[in-house]
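First the proteins, then the strands, lettered A, B, ... as listed; each starts at 1. This structure is a prediction, so every number in the text was calculated from the model and none was measured.
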Number of protein chains: 2
Amino acid sequence: MPRIVAERQDVLPKLAEIFRKRGYDGASLSEIGKATGLGKGSLYHFFPGGKPQMAEDVLAEMDAWFEGNIFAPLRSIPAGDAKEARVRLTEMCKALDAYFKSGRRVCLFGAFALADTREAYAPRIRGYFQRWIEAIARALVVAGRAPADARTEAFDAVACIEGAIALSRAADNPPAFAGAIARLQTRLTA
Amino acid sequence: MPRIVAERQDVLPKLAEIFRKRGYDGASLSEIGKATGLGKGSLYHFFPGGKPQMAEDVLAEMDAWFEGNIFAPLRSIPAGDAKEARVRLTEMCKALDAYFKSGRRVCLFGAFALADTREAYAPRIRGYFQRWIEAIARALVVAGRAPADARTEAFDAVACIEGAIALSRAADNPPAFAGAIARLQTRLTA
DNA sequence: ATGTCTATGGACCGATAGGTACAAACTAAA
DNA sequence: TTTAGTTTGTACCTATCGGTCCATAGACAT
């Protein structure tokens, strides 16, 4: 049997795409096998824990991406540099629009939070949103907001993003997501 | 065989609860049968179209509830009565917190919009959010906002609500939803 | 070339999925 | 009481689910 160039790292994005498209229950191993080009042997070699582990690893990788590309830049703003804080918040908005493909791409954490899949991955999901909110709040404080105000503003910002994904998908109207992100940027950097 | 007092209308709320809890794919006919107390015979008697029709009918009923209890009151505000508009918007917020049980209860339209279930129920889902947004926008205009501003404000409001459900569930923190609703109310009636 | 270890496809498993068929048990009109 | 029509539980169907197993094809060190 030919060895296929399929490192574990190459498989995760494809897995993520399937979970995003079908949801946890809807993603069958046969479809996963087809989409990744991997037989069950390879699949269970990479993920001995089966489907639950696949989802866990996908969430972990997405979490790591956000940590590095979204959360950390917000957290590492030098104290007192309000101007830089506004720049970083603007960059976040830009990165989000790109990542979620203007709402065409779903946030797996959001989708899982609404299903009973949530229970199995509760710590991961909770941690993701918590760190995101805290990172934004930190940036807002540096930008000059009062801490208590920053915290609720950050919560509303993330809520608005997650909701905008659902709404723009419902309306089949990607610009609606981009518009919401633009308004969010204005509001955060005001 | 004994006739069980199970009118179609009594079954729909139970069905809704199962779909909310398990999602479309996760809701199996055996669980549906158990939760409703109905055998497959009765189930297929009430819903000849099977699971797809159950979901469709559940969405239709939820849509009708929102139409009567949320959308219509917003739409029917007398033109020029800004004070009444603020009252109705406040009532909406209160009704939402009750309906979604402070975020413990999921919005089925939002959940479906994120899954590929969306495709099968696209018109229903689209219509629901569209009418909701337009109703809020109408109320905001009556309250004195500029039409263009009202429209985006209404979009953001619904997005924030949908997102807040996901966030408060993720954090397992119902007060977070109630807080978001309270801030929304302030913002809408400002 | 040989042996060792990893990687791989696919046959196979029991369980359960959604759905159909139907006879029995009911109701209501005659 | 008969009859026609409606509800009902359940046995059963096929397809597919997630998961196990294993013979074997690679890679690689000797």
Q) Have A:Ser76 and A:Arg88 got a donor and an acceptor in their side chains that come within less than 3.5 Å? A) yes

For atom [atom1] of [X] and atom [atom2] of [N], their distance in whole Å:
{"X": "A:Ile18", "N": "D:dC17", "atom1": "CD1", "atom2": "P", "answer": "12 Å"}
{"X": "A:Lys51", "N": "D:dT16", "atom1": "NZ", "atom2": "P", "answer": "15 Å"}
{"X": "A:Lys34", "N": "D:dT16", "atom1": "NZ", "atom2": "P", "answer": "10 Å"}
{"X": "B:Leu29", "N": "D:dT16", "atom1": "CG", "atom2": "P", "answer": "16 Å"}
{"X": "A:Leu43", "N": "D:dC17", "atom1": "CG", "atom2": "P", "answer": "13 Å"}
{"X": "A:Phe47", "N": "C:dT6", "atom1": "CZ", "atom2": "P", "answer": "18 Å"}
{"X": "B:Tyr44", "N": "C:dT20", "atom1": "OH", "atom2": "P", "answer": "6 Å"}
{"X": "A:Ile32", "N": "D:dT16", "atom1": "CD1", "atom2": "P", "answer": "16 Å"}

So, are [X] and [Y] salt-bridged, with charged N and O less than 4.0 Å apart?
{"X": "B:Arg105", "Y": "B:Glu17", "answer": "yes"}
{"X": "A:Asp116", "Y": "B:Arg22", "answer": "yes"}
{"X": "B:Glu67", "Y": "B:Arg75", "answer": "yes"}

Q: Look at the side chain of B:Lys40 against the base of C:dG19 and say whether a donor-acceptor pair falls under 3.5 Å; ignore hydrogens and angles.
A: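 Under the 3.5 Å cut-off, the side chain and the base do form a donor-acceptor pair.
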
Q) Closer to the 5' end of DNA chain D via nearest nucleotide, is it B:Ser42 or A:Ser28? A)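 Its nearest nucleotide lies further toward 5', so the answer is B:Ser42.
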
Q: Using heavy atoms to find the nearest nucleotide of DNA chain D for A:Pro52 and B:His45 separately, return the residue whose nucleotide is more 5′.
A: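 On the 5' side of the pair lies B:His45.
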
Q) Does A:Ser30 make a side-chain N or O approach to OP1 or OP2 of D:dC17 shorter than 4.0 Å? A) yes

